[in-house]
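These notes concern the structure reproduced below.
Residue numbers begin at 1 in each chain, while the letters A, B, ... track the order of the sequences.
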There are 2 protein chains.
Amino acid sequence: MADLERSAAKEKFLNFLEQKNLRITNQRRAIVETVFSTDQHFTAEQLLEWSRKRDSSVSRATVYRTLPLLTESGLVHEMDFGKDYKIYDPNYADHPNHNHIICDDCDKIVEFESERLETLENEISQNLGFTVKSQQLRINASCEDMKKLGACNKKGH
Amino acid sequence: MADLERSAAKEKFLNFLEQKNLRITNQRRAIVETVFSTDQHFTAEQLLEWSRKRDSSVSRATVYRTLPLLTESGLVHEMDFGKDYKIYDPNYADHPNHNHIICDDCDKIVEFESERLETLENEISQNLGFTVKSQQLRINASCEDMKKLGACNKKGH
DNA sequence: TTTGCTAATGAGACTCGATCTCAAGTCACA
DNA sequence: TGTGACTTGAGATCGAGTCTCATTAGCAAA
């Protein structure tokens with residue numbers, strides 16, 4: 001993410017808080033700066049760890065309370081990859097319709113967008129009497145690297 | 001599901017157990033009969049409750065131990081709808097590539113299949129260097145009924 | 001049948017991500 | 001500076017899912 005986009009996202013979130021008459025606290029600032037200083041997908045626990053490096057007073061509760069605000073503001077996307085924890089994506093504002101392929105062997109995640117896919121989704125939904133609010137296509141796959149390795153050194157994290 | 005399909009699925013699962021040198025116990029029988037006597041999506045907890053009506057000795061642990069066998073056999077599909085529990089679909093064997101639209105207002109779930117969608121998914125994955133293992137498209141939407149009602153009597157469960 | 005091996009079981013402890021509670025702190029505005 | 005509502009951190013709690021372990025029960029061979 002370019003520096004400009006980062007600060008724009010941060011700015012948007014602070015405006016979002018103001019609009020909702022919510023306070024801009026040091027803890028929220030630390031969390032938001034953390035979120036928009038990375039391109040990476042992250043878990044709540046990771047966000048806590050990273051945010052504490054900026055402000056050691058940030059607590060788990062505040063992270064879990066801020067995350068819904070971030071998704072509600074439309075700047076961050078909450079995702080489910082079939083793991084037992086949620087994954088958050090800070091690139092949502094720039095690419096609101098992107099999808100994910102995840103390699104089951106090495107957990108690599110690749111994002112992609114497809115206009116054809118969107119069109120098709122809307123078409124199908126309409127035929128079934130629905131109006132699309134959001135969509136999430138998740139493809140579980142195995143990547144080339146893993147095929148080369150024979151997927152022998154799996155799950156290195 | 002037609003009666004024939006039901007007993008066919010049950011039969012397939014018992015064969016699956018045999019192939020893996022696993023035993024056919026009363027508890028497993030009760031669970032499998034429960035699964036293939038409904039078309040409905042269900043949670044692990046629901047499956048426990050229903051199975052206990054057939055055999056009160058069925059325990060939570062056994063349900064949770066049997067579920068992975070059912071998905072491994074390819075007869076049941078495990079799904080994630082962004083809730084904090086998993087949902088299982090007993091119609092998988094007959095429609096292995098179906099997708100879901102969920103009405104955010106009334107939790108109605110509609111299944112659909114689309115060859116065009118599958119083709120597109122495979123094409124995209126290949127271009128990105130992945131081989132598809134499974135895919136899950138989830139569309140969150142609002143349905144006609146809810147639009148008519150103005151979504152005023154939401155979440156009736 | 002009986003026997004013996006071993007998979008399978010139930011009860012309940014446990015894990016862990018996520019949420020809730022509540023007393024204390026802090027922000028904004030008068 | 002005072003007031004009241006919003007936020008906070010610590011830790012209790014929740015709940016889905018997993019694990020442990022002593023006991024039970026398939027099932028194949030005798």
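The interatomic distance linking Ile87(B) (CD1) with dA16(D) (P) rounds to 12 Å, in whole Å. Between Leu70(B) atom CG and dG17(D) atom P there is a gap of 15 Å when expressed in whole angstrom units. Arg60(A) places its CZ atom 16 Å from the C1' atom of dT21(C), with the value rounded to the nearest Å. Rounded to whole Å, the distance from CG on Leu67(B) to C1' on dA16(D) is 12 Å. The separation between Phe42(B) atom CZ and dA16(D) atom P is 16 Å, rounded to whole Å. Atom CG in Leu69(A) sits about 16 Å away from atom P in dA18(C), given to the nearest Å. With rounding to whole Å, Glu78(B) atom CD is found 11 Å from dG17(D) atom C1'. Following rounding to the nearest Å, Asp84(B) (CG) and dT19(C) (C1') show an atom-to-atom distance of 10 Å.
Not counting sequence neighbours, the partners of Asn26(A) by the side chain to side chain contact (heavy atoms under 4.5 Å, CB included) test are Arg29(A), Asp55(A). Every residue meeting the salt bridge (Lys or Arg N to Asp or Glu O under 4.0 Å) condition with Glu123(A), not counting sequence neighbours, appears here in chain and number order: Arg116(B). When the side chain to side chain contact (heavy atoms under 4.5 Å, CB included) test is applied to Glu111(B), the partners found at least two apart in sequence or on another chain are His41(B), Asp89(B), Asn91(B), His98(B), His100(B).
Between Glu11(B) atom CD and Asn15(B) atom CG the span is 5.5 Å, to the nearest 0.5 Å.
In this structure, of dG17(D), dT8(D), dT9(C), it is dG17(D) that holds the atom nearest to the side chain of Tyr85(B).
Within residues 11-31 of chain A, the residues that place at least one heavy atom under 4.0 Å from DNA chain D are, in residue-number order, Leu22(A), Arg23(A), Thr25(A), Gln27(A), Arg28(A). At a non-hydrogen distance threshold of 4.0 Å, nothing from residues 44-52 of chain A comes into contact with DNA chain D.
Within the 4.0 Å cut-off from OP1 or OP2 of dT18(D), not a single side-chain nitrogen or oxygen of Tyr64(B) is found.
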### Message
Working note: Leu67(B) + Tyr88(B), criterion side-chain contact (heavy atoms from CB on, under 4.5 Å); need CA distance, chi angles, decisive distance, verdict.
### Response
CA-CA 9 Å; Leu67(B) 243 7; Tyr88(B) 296 87; 3.7 Å; yes

### Message
For Phe36(A) and Lys12(A): C-alpha separation, side-chain torsions, deciding distance, then whether side-chain contact (heavy atoms from CB on, under 4.5 Å) applies.
### Response
CA-CA 11 Å; Phe36(A) 295 119; Lys12(A) 276 184 197 165; over 6 Å; no

### Task
Apply the test side-chain contact (heavy atoms from CB on, under 4.5 Å) to residues Thr43(A) and Lys86(A): give CA-CA distance (whole Å), side-chain angles for both, the deciding distance (0.1 Å), then the verdict.
CA-CA 6 Å; Thr43(A) 65; Lys86(A) 287 174 185 161; over 6 Å; no

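Remark: Gln126(A) CD is loosely packed, at most 12 non-hydrogen atoms of other residues, nucleotides or ligands lying under 6.0 Å away.
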Less than 3.5 Å apart, which donor and acceptor atoms pair up between the side chains of residues 17-25 of chain B and the rest of the protein, not counting sequence neighbours?
residue, atom, partner, partner atom, Å
Lys20(B), NZ, Glu72(B), OE1, 3.4
Lys20(B), NZ, Glu72(B), OE2, 2.6
Thr25(B), OG1, Arg28(B), N, 3.2

